[in-house]
Amino acid sequence: MRRRDLISAAAVLPAVAVASSAAASEDKPSGGASVNISGVGLPVIAGGRIRNYVFVSMRLHLGGSATLESMRGKEAYLRDALVRAAHRTPFTVADDWTRIDGNAMSASLIRSAATICGRGSVARVEIISQAPRWRSGMRAA
């Protein structure tokens with residue numbers, strides 16, 4: 001390479017770095033911090049029997065009083081509360097054994113988080129994915 005090409009390449013690199021960091025900051029929600037919880041196995045119960053398990057990954061959007069450090073320490077307690085609630089009152093969708101009711105699960109987790117971490121610690125729960133254990137033949141008749 002010639003010296004002129006090296007100089008122009010060096011001038012372009014900082015501009016690319018600034019553009020990529022701006023794009024990365026646009027991808028993040030501006031509403032605050034969030035904690036990811038992945039792989040929580042929740043039962044699908046119908047007719048008093050466990051019909052399937054759905055593994056849920058979610059993102060907890062933190063409220064004003066919560067910090068990342070405090071919430072990461074409480075993650076195991078939140079997982080336990082969610083699984084216990086799912087066994088007490090299943091988040092089952094009436095006609096589909098391969099997914100859970102996201103609204104019921106979110107409301108339950110926000111109530112549990114208020115008890116475990118303090119009121120307002122979790123502002124919103126976003127379900128990232130639901131992966132059923134058994135994918136076929138699991139529709140209710």
Side-chain angles (χ1 to χ4, degrees), residues 1-2 4-141:
M1 280 185 116
R2 294 186 309 209
R4 187 181 68 171
D5 293 336
L6 289 175
I7 292 173
S8 62
V12 171
L13 286 177
V16 171
V18 169
S20 66
S21 67
S25 66
E26 290 174 5
D27 293 341
K28 295 179 184 176
S30 62
S34 63
V35 175
N36 291 341
I37 297 179
S38 62
V40 180
L42 301 176
V44 175
I45 300 173
R49 296 178 57 199
I50 295 178
R51 303 295 182 164
N52 199 2
Y53 281 94
V54 177
F55 296 90
V56 180
S57 296
M58 64 201 90
R59 179 174 295 127
L60 305 180
H61 295 273
L62 305 183
S65 64
T67 63
L68 288 173
E69 295 78 24
S70 67
M71 292 303 287
R72 286 192 182 125
K74 306 280 183 167
E75 181 182 344
Y77 298 107
L78 292 171
R79 285 173 174 271
D80 181 60
L82 186 59
V83 170
R84 287 176 188 259
H87 279 277
R88 269 192 315 272
T89 308
F91 309 127
T92 305
V93 175
D95 60 344
D96 190 357
W97 294 349
T98 61
R99 61 189 176 97
I100 60 163
D101 182 7
N103 293 331
M105 189 214 67
S106 296
S108 176
L109 187 57
I110 289 173
R111 282 192 306 271
S112 297
T115 303
I116 295 168
C117 307
R119 176 168 279 173
S121 59
V122 175
R124 182 170 67 95
V125 177
E126 176 185 353
I127 296 177
I128 297 171
S129 69
Q130 295 186 30
R133 170 75 169 98
W134 301 105
R135 297 180 198 285
S136 62
M138 288 289 144
R139 303 256 192 278

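Sorted by first and then second residue, the salt bridge (charged side-chain N to carboxylate O under 4.0 Å, His left out) pairs with a member in residues 83-92 read D80-R84; sequence neighbours excluded. Identified under the salt bridge (charged side-chain N to carboxylate O under 4.0 Å, His left out) test for residues 37-48, with sequence neighbours left out: none.
Nearest heavy atom pair, residue I116 against residue Y77, reads CD1-O, 3.6 Å. Between L42 and A86, the shortest heavy-atom contact is CD2-CB, 3.8 Å. A pairwise comparison of heavy atoms in H87 and I45 identifies O-CD1, 4.2 Å as the closest pair.
T115 is linked by a side chain to side chain donor-acceptor pair (under 3.5 Å) to nothing, counting only residues two or more places apart in sequence or in another chain. Partners of R79 under the salt bridge (Lys or Arg N to Asp or Glu O under 4.0 Å) rule, at least two apart in sequence or in another chain, are E75. The side chain to side chain donor-acceptor pair (under 3.5 Å) search around T67 returns S70, not counting sequence neighbours.
For the atom pair OG of S34 and CG of L68, the computed distance is 7.5 Å after rounding to the nearest 0.5 Å. For the atom pair OG (S121) and CG (L62), the distance works out to 7.5 Å, reported to the nearest 0.5 Å. To the nearest 0.5 Å, the span separating CZ on R72 from CG on N36 amounts to 9.0 Å.
Between V54 and T98, the closest side-chain pair of non-hydrogen atoms is not below 4.5 Å. Here the side chains of L78 and L60 are in contact, with some heavy-atom distance below 4.5 Å.
R51 places a side-chain N or O within donor-acceptor distance of the main-chain N or O of A46, the cut-off being under 3.5 Å. Put simply, the side chain of N52 gets close to the backbone of W97: a donor and an acceptor are under 3.5 Å apart.
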- Query: side-chain contact (heavy atoms from CB on, under 4.5 Å) between I128 and M58: does it pass, once the steps are laid out?
  - Reply: CA-CA 5 Å; I128 297 171; M58 64 201 90; 5.5 Å; no
Side-chain donor-acceptor contacts of residues 101-110 below 3.5 Å, not counting sequence neighbours, with atom names and distances?
residue	atom	partner	partner atom	Å
D101	OD1	N103	N	3.3
S106	OG	G102	O	2.9

